[in-house]
Amino acid sequence: MAKEAPEKFTKPYQPQEVEPAIYKKWAESDFFNPDQLPPSPAGTPRTESYTIIMPPPNANGSLHAGHAVFVTLEDLLIRYNRMRGKKTLWLPGADHAGFETQVVYEKKLEKEGRTRFGMQPSVLRNEILQFTMANKSFMEGQMRQLGASCDWNREKFTLEPDIVAIVYDTFKKLYADNLLYRGDRIVNWCSKHQTSLSNLETNRISRKDPFYYFQYGPFVIGTVRPETKFGDKYVVMHPSDARYAQYKEGDQMELEWINGPIIATVIKDEASDPEVGSGVMTITPWHSGIDFEIARRHNLPYEQIIDERGKLLPIAGEFAGLNIKDARAKVVEKLQAKGLVVKVDEEYVHEVPVCYKCEREIEPQVKRQWFVKAKELAQPAIEAIERGDIVFYPDHFKKILLNWLSGIEDWNISRQIVWGIPIPAWYKHNGESEEVFVGEEAPGEGWERDPDTFDTWFSSGQWPFATLGFPNANDFKTFYPTQVMETGGDLIFFWVARMIMLGLYRTGKVPFSTVYLHGMVTSKDGKKMSKSKGNVISPLEMSEKFGTDALRMGLIIGNTPGTPTALYDDKIKSYKLFANKLWNIARFVLSQEKTGDIKPEFKQEFDTLAREVTEDIEQYRFYMAAEKLYHYVWDRFAAEIVEESKGKPEYSASLYYILENSLKLLHPFMPFITEEIWGSLPAPTQESGQPRRLLMVEPWPFN
RNA sequence: GCACCCUUAGCUCAGUUGGUUAGAGCGCACCCUUCACACGGGUGAGGCCUCAGGUUCGAAUCCUGAAGGGUGCACCA
């Protein structure tokens, strides 16, 4: 029994002193690289691959709590499978994050009193590139701090030439397969950011606005947007609305309107809801999706009323040049003076789309842009998901995804921003007609390059196969399809759905067999973290304060898939105490000579724990596995077994057995402290002179 | 409008395929500086598992309905 534990154990565990050195050891071993892994612990070669493609963080800031969750969960899976003898690849990356990054950079410009409008595109692009690259390397350092055992040799960035080449191939193939078109369609236009956005990049907010009823010839029409009504020469009603049966499609009449008399034409269309307002509406096809569709069905002309900055065009006559907000009151005033206001409902509540970044109202505009025929791409995805090719955690995300895919609409992938992958298309104009060429180089003289860039999700959607070097690289052959896609639940449509669709389209296979979606990390009161609320918890600060292992445990325990998790000081602190408990157990065990035999009842009890923990990990119940380990180590091992063993040297073999194997089970959860203690254990093969292996490649203690 | 989720201890939440006395963390009360650890140890209080039916030998768990709360999607004039 008489023996001294190593000196360092006499002090409380100091994660700050231990962690950087441990990470350095791992990195130097090169075991993050699947090609450099030693034979599996059982001595057999690692044949079965296990791959996770890391969600590439937006390289425009610092790692936040959400990043820390994915690093923790993915690292857990990777470390577990590495110990199980798989050929494990965790492929890191970074995302240029088009619009997201441009918005961040524009805010920075604003602070400096500058604006992107009027800047040379190439100058702006270069500035953002430098900004992005600086952030990228900063974030990589942070990821190391969190213990990420990813293969840095294989790191990818979305703007690297080989990635861009694959994205271009996909674009060309979609065009050739008639799954992509360029057309004049309603887009979601943000008048602050001066770009179109996909449906997913808009939010809806509920608002109360006056609903006006105007006399329009013999009809009363209802609208919340009087300022758009200048060009409204078509009056629409439902074909079976009995109140208007006397009017026939195509009937024309002269009537008094905002800026004088106009000729109005009757249109019958089922899109007009008899229940809403008076059941009659006029249409503004250039600035409303539903009106646009009506105009298309009836082959009506459409005309722009509002410009890209939200100001009225000359069609508005005396109101031209006014901002639409100011124009509304003035138009109503004029109609009032003309006696055309029938009534106003001040209590009308409706939902308006806003830009998800600036919350400014979206102004629908007709623009000539690129659209992916999403329905066609979604169909194979729906079939694969229904077939069960992909398992979802939590399970109900499958329903949510299927519901979204079944109602999917064409995807606008053109963005009017410089920070992105340029769209490889060229146009030649001959009067009204336009010739289109898809390719990186102009096909000849007189061609004009598309000035737009891709929606960033168009490239991210190809990430799993693009990073692995589709179609010919060995990595693609070895590691695709991947095993797990672990990311935030908020990315299910933006990213997961697109990866499934584009992965199936390009490779014929689903890109991953399991999707695990974690919930948002909130502050203690369950609120979303935001800078304006001042409730942001920085994972790096927590890691410095309590140790990365404690942070990781805090992010795992209580974190069920899909459900928001609260993160706060006290919670992480309690796992720092746990780390210290483990440290002291090690001190106690190491103060004894290893003698006697392992008691079968302890072995059996431990085996049960190992089996349960293994099953929990296999079933993605990490929170439960972590809790069981926590309780076994603290309440059983420390509180009972260690106590019972005091003064009984014959227990020491059992203590060593339990400690060693507990370290193995805990390693995926708390990699630093377990590796550190492991390094202080007596080498099992002292006589053979073999140096002790790193814990990260030790065999998992359950099969 | 369509879809999805939630309701369990003061708070935040677990509870895996239905199976003894329903659990954890934090908080709370009281006690203990005992030789691995005060970054510790011990003891304890606290629950008609939202409600109403049903299935079952047995329901927090499965089914139906109600009430309350939350989220996502969507071309609402």
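Values below: all heavy atoms of this structure, side chains included; hydrogens, waters and symmetry mates excluded. Chain letters run A, B, ... following the sequence lines, proteins first, then strands; residues in each count from 1.
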Base, sugar-phosphate or nothing for A/T284? Non-hydrogen atoms, less than 4.0 Å.
nothing

Hey, does A/F292 reach any base, or is it just sugar-phosphate, or nothing, if we go heavy atoms under 4.0 Å?
nothing

Does B/A60 have a Watson-Crick or wobble mate here (both distances under 3.5 Å), and if so which one?
none

Is there a donor-acceptor contact under 3.5 Å linking the side chains of A/D455 and A/W411?
yes

Determine the contact category for A/E615: base if any of its heavy atoms lies under 4.0 Å from a base atom, sugar-phosphate if only primed atoms, P, OP1 or OP2 are that close, otherwise nothing.
nothing

What nucleic acid atoms does A/V224 come within less than 4.0 Å of, heavy atoms only: base, sugar-phosphate, or nothing?
sugar-phosphate

How about A/Y393 and A/E486: does a side-chain donor come under 3.5 Å of a side-chain acceptor?
no

Nearest-Å distance once atom C1' is located in both B/C62 and B/G68
23 Å

Under 3.5 Å side-chain donor-acceptor pair for A/S196 and A/Q369:
yes

Looking at every strand, decide which applies to A/E612 at a 4.0 Å heavy-atom threshold: base, sugar-phosphate, or nothing.
nothing

Measuring only the C1' atom in each nucleotide, how far is B/A14 from B/G25? A whole number of Å is fine.
10 Å

Determine the Euclidean distance between corresponding P atoms of B/U64 and B/U55; express it in Å to zero decimal places.
15 Å

In whole angstroms, how far is the C1' atom of B/U17 from the CG atom of A/D395?
14 Å

Does a side-chain N or O from A/Y623 land closer than 4.0 Å to OP1 or OP2 of B/A24, or not?
no

Across the strands shown, which category fits A/F9 at heavy-atom distances under 4.0 angstrom: base, sugar-phosphate, nothing?
nothing

Verify the distance criterion only: is there a donor paired with an acceptor across the side chains of A/D410 and A/Y181 at less than 3.5 Å?
yes

Side chain of A/Q14 only, please: which of B/C39, B/A74, B/A14 is the nearest?
B/C39

Measuring only the P atom in each nucleotide, how far is B/A60 from B/U7? A whole number of Å is fine.
15 Å

With rounding to the closest Å, how many angstrom separate the C1' atoms on B/C26 and B/U71?
27 Å

What is the nucleic acid contact for A/I400, judged by heavy atoms within less than 4.0 Å: base, sugar-phosphate only, or nothing?
sugar-phosphate

Start with the C-alpha gap between A/I258 and A/E227, add the side-chain angles, then the distance that decides, and say whether side chain to side chain contact (heavy atoms under 4.5 Å, CB included) holds.
CA-CA 10 Å; A/I258 308 168; A/E227 72 279 9; over 6 Å; no

Sugar-phosphate, base or nothing in reach of A/A638, heavy atoms under 4.0 Å:
base

So what does A/R204 touch, heavy atoms closer than 4.0 Å: a base, only the sugar-phosphate, or nothing?
base

Phosphate-side-chain proximity, A/K581 and B/G41, N/O vs OP1/OP2 below 4.0 Å:
yes

Taking the side chain of A/E351 as heavy atoms from C-beta outward, which of B/C39, B/A36, B/A74 is closest to it?
B/A74

Complement of B/C2, any strand, by Watson-Crick or G-U distances under 3.5 angstrom
B/G72

Check this for me: does the side-chain of A/K576 come within 3.5 Å of the base of B/C39 through a donor and an acceptor?
yes

Select base, sugar-phosphate, or nothing to describe what A/T563 touches, counting heavy atoms under 4.0 Å on all strands.
sugar-phosphate

Quick check: any donor-acceptor pair below 3.5 Å linking the side-chain of A/K399 to the base of B/C4?
no

Nearest to the side chain of A/W634 - B/A36, B/G40, B/C2?
B/G40

May I ask you to test the A/L590-A/F9 pair for a side-chain heavy-atom distance under 4.5 Å?
yes

Under 3.5 Å donor-acceptor pair, A/E627 side-chain atoms to B/A14 base atoms
no

For A/Y620, report the nucleic acid contact type (base, sugar-phosphate, nothing); a contact means any heavy atom under 4.0 Å.
nothing

Does any nucleotide pair with B/U7 by Watson-Crick or G-U wobble geometry, both distances under 3.5 Å, and what is it?
B/A67

If you look at every strand shown and take non-hydrogen atoms under 4.0 Å, does A/D490 touch a base, only sugar-phosphate, or nothing?
nothing

Determine which nucleotide pairs with B/A24, using a 3.5 Å limit on both distances of a Watson-Crick or G-U wobble pair.
B/U12

Which distance, rounded to the nearest 0.5 Å, do you find between the OG1 of A/T595 and the OH of A/Y656?
9.5 Å

RNA chain B nearest-nucleotide lookup for A/M624 and A/D273: closer to the 5′ end is A/M624

Base, sugar-phosphate or nothing for A/R621? Non-hydrogen atoms, less than 4.0 Å.
base

Checking contacts here: which listed nucleotide (B/C75, B/G40, B/A36) is nearest the side-chain heavy atoms of A/L577?
B/G40

Per the atom types in the model, does the base of B/A36 pair as donor or acceptor with the side chain of A/Q592 at under 3.5 Å?
no

Determine the interatomic distance between C1' on B/G15 and the same-named atom on B/C32; round to the nearest Å.
34 Å

